[in-house]
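What follows is a set of notes on a single structure, which appears directly below.
Because only heavy atoms are used, hydrogens play no part in the values below, and waters and symmetry mates are left out as well, while side chains stay in. So that the names make sense, note that chain A is the first sequence line, chain B the second, and so on, each numbered from 1.
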Amino acid sequence: MEKRPDLNFFLQDVLIVAPGLLGKTLVRVYPYGKKEKYIITETEAYRGEEDKACHASKGRTKRTEIMYRAGSYIYIYLIYGMYWMLNFVTGPEDLPQAVLIRCIKGFDGPGKLTKQLAIDKSFNGENLITSERLYLSDGLSDISFKTTTRVGIDYAGEDWINKPWRFILI
DNA sequence: TCATTGATTTCA
DNA sequence: GAAATCAATGAT
């Protein structure tokens, strides 16, 4: 029996959850019952209103409201009018944090993985603890990873561009 | 290096 | 209302 991480895992700080997701299994259950599993290989952390690269840095809006909720929610948004991004909300309520799932094993890139998993806006607001079609389970027990800077946030300013908040499974 | 693409946000 | 913005990808 697969074991999902419990709520307390997602209530931790995003800088703990983001690397903690590496090597875990992302489970996608399709409407016709087919189940596919993927190992998470790369994540990025977005942390609080102070983080200029975080969507919530401009305050609470209709779009970012979900990041202010407590952990374990799924946050989906569209970028460049073409690609859905998959994020997991972390941390306590009223502290906007989220982990961007950048890569899964076999699909190298956040736009590609959501296309492969047929993830779209309808997943926004679902909960990883209770969802029947997209959730996490235990994966690799012994992993190592490296950190580097985040991608595609040139607008955020040097202090934030240089944060080593991108985590890559080795 | 450039075109694509549309939801969200900002400015009026 | 209209205009600018954008956590990416694939073709050139």
Side-chain angles (χ1 to χ4, degrees), chain A residues 9-24 26 28 36 38-128 131 134-136 145-170:
Chain A
F9 173 76
F10 296 104
L11 294 182
Q12 297 176 96
D13 191 277
V14 68
L15 295 180
I16 295 172
V17 177
L21 287 172
L22 294 173
K24 290 243 182 314
L26 183 66
R28 172 75 168 98
E36 292 184 340
Y38 301 91
I39 300 294
I40 295 173
T41 59
E42 186 175 327
T43 61
E44 275 183 15
Y46 290 86
R47 188 170 189 266
E49 293 184 350
E50 288 185 352
D51 181 0
K52 294 293 183 295
C54 180
H55 284 174
S57 65
K58 289 171 184 164
R60 201 168 189 146
T61 67
K62 189 175 181 183
R63 178 168 67 154
T64 61
E65 184 188 1
I66 188 158
M67 281 203 283
Y68 287 81
R69 296 193 206 169
S72 82
Y73 284 95
I74 299 171
Y75 170 43
I76 303 284
Y77 69 94
L78 187 69
I79 191 62
Y80 299 125
M82 305 172 78
Y83 300 103
W84 297 105
M85 298 287 120
L86 174 62
N87 301 254
F88 298 151
V89 177
T90 70
E93 190 170 2
D94 292 328
L95 186 62
Q97 299 187 337
V99 180
L100 169 65
I101 308 302
R102 287 195 64 84
C103 300
I104 55 178
K105 195 170 186 178
F107 295 93
D108 183 16
K112 292 179 188 173
L113 78 87
T114 51
K115 184 179 178 185
Q116 165 64 24
L117 298 184
I119 288 170
D120 61 25
K121 193 179 181 179
S122 72
F123 284 82
N124 196 44
E126 288 210 21
N127 191 303
L128 285 167
S131 175
L134 184 67
Y135 56 91
L136 290 166
F145 63 90
K146 63 180 177 181
T147 61
T148 182
T149 53
R150 293 178 290 179
V151 174
I153 56 165
D154 294 346
Y155 59 86
E158 285 192 16
D159 288 351
W160 297 104
I161 291 172
N162 292 327
K163 296 284 186 192
W165 286 356
R166 180 179 174 205
F167 305 93
I168 304 174
L169 186 68
I170 298 175

- Taking the six-membered ring of Tyr46(A) (Phe, Tyr or Trp), confirm whether the NZ or CZ of Arg150(A) is under 6.0 Å from its centre and within 45° of its axis.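 Yes, Arg150(A) lies over the aromatic ring of Tyr46(A).
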- Remember a base hit wins even if backbone is also touched, and classify Leu100(A) as base, sugar-phosphate or nothing at under 4.0 Å, heavy atoms.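 It contacts base atoms.
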Give the rounded distance in Å between these two atoms: [atom1] of [X] and [atom2] of [N].
X         : N       : atom1 : atom2 : value
Lys62(A)  : dA7(B)  : NZ    : P     : 12 Å
Ile79(A)  : dT5(B)  : CD1   : C1'   : 11 Å
Asp120(A) : dT5(B)  : CG    : P     : 18 Å
Tyr77(A)  : dT9(B)  : OH    : P     : 13 Å
Arg63(A)  : dT10(B) : CZ    : P     : 10 Å
Phe107(A) : dA8(C)  : CZ    : C1'   : 17 Å

- Where each pair must be Watson-Crick or G-U wobble with both distances under 3.5 Å, what dot-bracket representation of DNA chain B is obtained, with crossing pairs in [ ] and other-strand partners as |? ||||.||||||.
For nucleotides 9-12 of chain C, print each protein N/O atom paired with a nucleotide N/O atom at under 3.5 Å, atom names and distance only.
residue, atom, partner, partner atom, Å
dT9(C), OP1, Pro110(A), N, 3.1
dT9(C), OP1, Gly111(A), N, 3.0
dT9(C), O4', Tyr83(A), OH, 3.3

Nearest heavy-atom pair of [X] and [Y]: which atoms, and what distance?
X         : Y        : value
Leu117(A) : Arg28(A) : O-NE, 2.6 Å
Val14(A)  : Ala45(A) : CG2-CB, 3.9 Å
His55(A)  : Thr64(A) : O-CG2, 3.5 Å

- Item | Out of dG6(B), dT9(B), dC6(C), whichever nucleotide has its closest atom nearest the side chain of Leu78(A) |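 Out of dG6(B), dT9(B), dC6(C), the nucleotide with an atom closest to Leu78(A)'s side chain is dG6(B).
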- Do other residues, nucleotides or ligands put more than 12 heavy atoms under 6.0 Å from Glu36(A) CD?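 Check passes, neighbour count above 12.
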- Query: Taking atom CG of Asp108(A) as the centre, does the number of heavy atoms from other residues, nucleotides or ligands within less than 6.0 Å exceed 12?
  - Reply: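 Atom CG in Asp108(A) is not packed in, count stays at 12 or less.
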- Between the side chain of Ser57(A) and the main-chain N/O of Cys54(A), is any donor-acceptor distance below 3.5 Å?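 Yes; at least one donor-acceptor contact below 3.5 Å.
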- Item | Thr114(A) side chain vs Trp84(A) backbone, donor-acceptor pair below 3.5 Å |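 Checking the backbone N and O of Trp84(A) against the side chain of Thr114(A), a donor-acceptor pair under 3.5 Å is found.
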- Kindly indicate, with the supporting measurements, whether the criterion side-chain hydrogen bond (donor to acceptor under 3.5 Å, both in side chains) is fulfilled by Tyr68(A) and Glu49(A). CA-CA 10 Å; Tyr68(A) 287 81; Glu49(A) 293 184 350; 2.5 Å; yes
- Lys121(A) or Tyr80(A), whichever maps to the more 5' nucleotide of DNA chain B: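 Result: Tyr80(A).
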